[in-house]
There are 2 protein chains.
Amino acid sequence: MDQIAAMRAFVRVVEAGNFTRAADLMEMPKPTVTKLIQQLEGHLRTKLLNRTTRRVRVTPDGAAYYERALALLSDLDELDGSMARAQTSPAGRLRVDIGTSLALNVIIPALPDFHARYPDILLDLGVSDRPADLVGENIDCAIRGGDILDPNLIARRIGQVDLVMCATPGYIARHGMPQHPRDLLEGHRVIAYFSPRTGRRMAFDMVRGEESYEFDLPYALAVNDSTAYQAAVLTGLGIAHAVEPLIQPYLADGTLVRVLPEWRSEPIVLHIVYAPNRHLSSRLRVFVDWVAELFASSNVYRLGPLPPPS
Amino acid sequence: MDQIAAMRAFVRVVEAGNFTRAADLMEMPKPTVTKLIQQLEGHLRTKLLNRTTRRVRVTPDGAAYYERALALLSDLDELDGSMARAQTSPAGRLRVDIGTSLALNVIIPALPDFHARYPDILLDLGVSDRPADLVGENIDCAIRGGDILDPNLIARRIGQVDLVMCATPGYIARHGMPQHPRDLLEGHRVIAYFSPRTGRRMAFDMVRGEESYEFDLPYALAVNDSTAYQAAVLTGLGIAHAVEPLIQPYLADGTLVRVLPEWRSEPIVLHIVYAPNRHLSSRLRVFVDWVAELFASSNVYRLGPLPPPS
DNA sequence: TTTCATTATTCACATATGGAAATAATGACG
DNA sequence: CGTCATTATTTCCATATGTGAATAATGAAA
């Protein structure tokens, strides 16, 4: 027996004064109303309605039950309604995990716009290059650069960033300017980025026409955070494989110089990832869409955290 | 979908921490729990549980829903429980319709006993020989003498009363003592009882051995209430067909004398009647049983209202 | 990395339920 | 009283749901 349906039918019969009208109001066949009332009376072991084909009268027990059933159905409808409203009017807490550079340079500066659009969404930002367990830590989504290795997550591509080789003028004055990727193997040091998850250093890849090199180079310093990497580049301790938009101001004012500029590296692809869910909450949906729009609507889409979390 | 069952399953899964244990606790197959949770999520269009085969985690939405569902289920259980208690612990109003003589002479004097046993039952006594519409007037039961003509009611026999012929000594001095039923046809008058429902007078029936008479006799006075009839007997206006236990004191002190004592009349059968109901309320059930016991446990069972409501 | 015990889900058949049509009951009217 | 319009209930077949068995997924342990 569907007790809620039975209670709804009973309430309707009491209010309508007969079975037929109640059935019409509920867009339900009459036998169904009959059956539901019978089932409810059986469940409660109490006669709720004295009825003939011409008259329906509520028993004293039925009248008492009606009042309480009405209140209870109202509570249930309120509960269902609040869930529906949560779906159609995005509100509530959203937990987002972002790499440091993307957070500091792209997302956080744009948040006034998101807040203006969705004032009822509370954003919890986890800012770290260290990947989190989305399901295990109840994180709604993450914005990441690089390959997405977890096949259980949905990854929506939102942009890419270029990597470029560079160094300080002081480093070049001391060690000389490399003329070819193989020059980096001797007499040079790099500033390396290592994965916060695996500890493995990211290789330096370089392509020119049909030529392609990929080296795990001798390094003077290795960091595993994209914002720290940007600061490390400026120390002059080595040659860096840096995110182009983040160092662009330093290239412009001469603080840094390009190294091997005729060689290109694979850009880093940016994704927003979240767990599959037939019933995606509206607040997550609007955030994903807003992020995608943010990256698509300006050339900041090419920005992203240094190296892939691989 | 049975939403209540789905909510119960959800609450159990949250508390048990996994589907299998919830299913065991509810004595329900695991696939049913799976289906119910899926249906509830579909109904609410919200993911309530993030689950793998090894772990079940409640989503933030799920946690919020859990609290409210728990409260609502508690209210429902309280409502169901209160209906069950009303069935097992007799309480509430009971409307009973009784003929005047039975009310005044039998039931009312015994009510202290009923009240002592069932202090939470409130009795509304309708006292009249005039029959009421049980269903139409929300009367729970009636105690009646005579044949029960309504086939839609349940009639439980609780006793019978004898009818006897009698008159005042003054009447006999003026008209003479009848020696045979046929003597009543000439020179005599009776006090008649007529049905409050149909207006028809009750016949005087007399049996002796194989002889049997039934006359609609000339009357000096006719009343349609059993208590009024008792008073009318004492006027000396005619011969009466009276309820034996009610006039016993007058026969003992000579106020009345028996007439045709060797002739017998059909006793009046007493019933308690109520509408059929698969779910008889406990208060009605205990009252019916108490009345039956009252009549069975003493010789008052032979008492009843005059003439049938026919 | 592979293995394996545990647990959620899916599948397919048995059982339960829904609902159109037929039937029974009611009570107003003449 | 009989007739008949209205309405609750029952019947029986089509559809939906429940559930045992099989399958897929997970994650701890070696």
Side-chain angles (χ1 to χ4, degrees), chain A residues 1-6 8-10 12-14 16-43 47-59 62 133-137 149-153 198 275-279, chain B residues 1-6 8-10 12-14 16-43 47-59 62 133-137 149-153 198 275-279:
Chain A
M1 174 182 71
D2 181 347
Q3 190 172 353
I4 295 295
R8 289 195 196 281
F10 170 67
R12 270 298 161 89
V13 169
V14 170
N18 77 39
F19 277 54
T20 299
R21 190 142 74 241
D24 290 342
L25 290 170
M26 301 182 80
E27 293 179 347
M28 180 189 278
K30 284 171 288 186
T32 306
V33 174
T34 297
K35 181 80 56 85
L36 288 172
I37 301 291
Q38 288 176 349
Q39 285 174 336
L40 186 58
E41 286 176 328
H43 174 71
K47 190 139 179 83
L48 302 174
L49 298 171
N50 283 317
R51 61 258 197 201
T52 69
T53 55
R54 290 305 181 95
R55 282 182 86 174
V56 177
R57 292 184 193 82
V58 188
T59 67
D133 170 11
L134 263 62
V135 175
E137 296 175 44
L149 300 177
D150 189 342
N152 296 315
L153 299 178
T198 65
N277 174 9
R278 257 176 289 182
H279 308 297
Chain B
M1 174 183 71
D2 181 346
Q3 190 172 352
I4 295 294
R8 288 195 198 281
F10 170 68
R12 269 300 162 88
V13 170
V14 171
N18 76 39
F19 278 53
T20 299
R21 189 142 74 244
D24 290 341
L25 290 170
M26 300 181 79
E27 293 179 347
M28 182 189 276
K30 283 170 291 188
T32 306
V33 173
T34 297
K35 181 77 57 85
L36 288 172
I37 301 290
Q38 287 176 350
Q39 284 173 336
L40 187 58
E41 287 177 327
H43 174 71
K47 189 136 180 85
L48 302 173
L49 299 169
N50 283 317
R51 62 256 198 202
T52 69
T53 54
R54 290 306 180 96
R55 282 182 85 175
V56 177
R57 292 184 193 82
V58 189
T59 67
D133 171 12
L134 264 63
V135 175
E137 296 176 43
L149 300 177
D150 189 340
N152 295 315
L153 298 179
T198 63
N277 174 11
R278 256 176 290 181
H279 308 298

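Per chain, numbering begins at 1; letters A, B, ... match sequence-line order.
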Per-nucleotide protein contact string for nucleotides 24-30 of chain C, where B marks a base within reach and S marks sugar-phosphate only (heavy atoms under 4.0 Å, - for neither): -BBB---
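In plain terms, the two heavy atoms of B:Leu49 and B:Val13 that are nearest each other are CD1-CG1, 3.7 Å. Residues A:Ala5 and A:Leu36 come closest through the heavy atom pair O-CD1, 3.9 Å. Closest approach of B:Gly17 and B:Val56 over heavy atoms only: O-CB, 3.6 Å. Of all non-hydrogen atoms in B:Ala16 and B:Ala22, the two that sit nearest each other are CB-N, 3.8 Å. When every heavy atom of B:Val33 is checked against every heavy atom of B:Phe19, the shortest pair comes out as CG1-CD2, 3.8 Å.
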Under 3.5 Å, N/O pairs linking protein and nucleotides 13-23 of chain D:
{"residue": "D:dT19", "atom": "OP2", "partner": "B:Thr32", "partner atom": "OG1", "Å": "2.9"}

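For the atom pair CG (A:Asp2) and CG (A:Leu40), the distance works out to 11.0 Å, reported to the nearest 0.5 Å. The distance from the CZ atom of A:Arg12 to the CZ atom of A:Arg21 is 11.5 Å, given to the nearest 0.5 Å. Separating the CD atom in B:Gln38 from the NE2 atom in B:His43 is a distance of 15.5 Å, to the nearest 0.5 Å.
A straight line from CD of B:Glu41 to P of C:dA8 spans 13 Å, rounded to a whole angstrom. Spacing between atom CZ of A:Phe19 and atom P of D:dT10 amounts to 11 Å, rounded to whole angstrom units. In this entry the distance linking CE of A:Met26 with P of C:dG19 reads 12 Å, nearest Å. Between B:Asp24 atom CG and C:dT7 atom C1' the separation is 11 Å, expressed in whole Å. Taking atom CD1 of B:Ile37 as the reference point, atom P of C:dT9 lies 9 Å away to the nearest angstrom. For the pair B:Asn18 CG and C:dT9 P, the interatomic distance rounds to 11 Å; values are reported in whole Å.
Contact between the side-chain N/O atoms of B:Thr34 and the OP1/OP2 oxygens of C:dA8 is not found at any separation under 4.0 Å. For the pair A:Gln38 and D:dA8, the criterion of a side-chain N or O lying under 4.0 Å from OP1 or OP2 is not met.
Annotation: salt bridge (Lys or Arg N to Asp or Glu O under 4.0 Å) contacts involving residues 26-42 of chain B, sequence neighbours excluded, comprise B:Glu41-B:Arg51.
Residue A:Thr20 is in sugar-phosphate contact alone, with no base atom involved, counting any heavy-atom pair closer than 4.0 Å across all strands shown.
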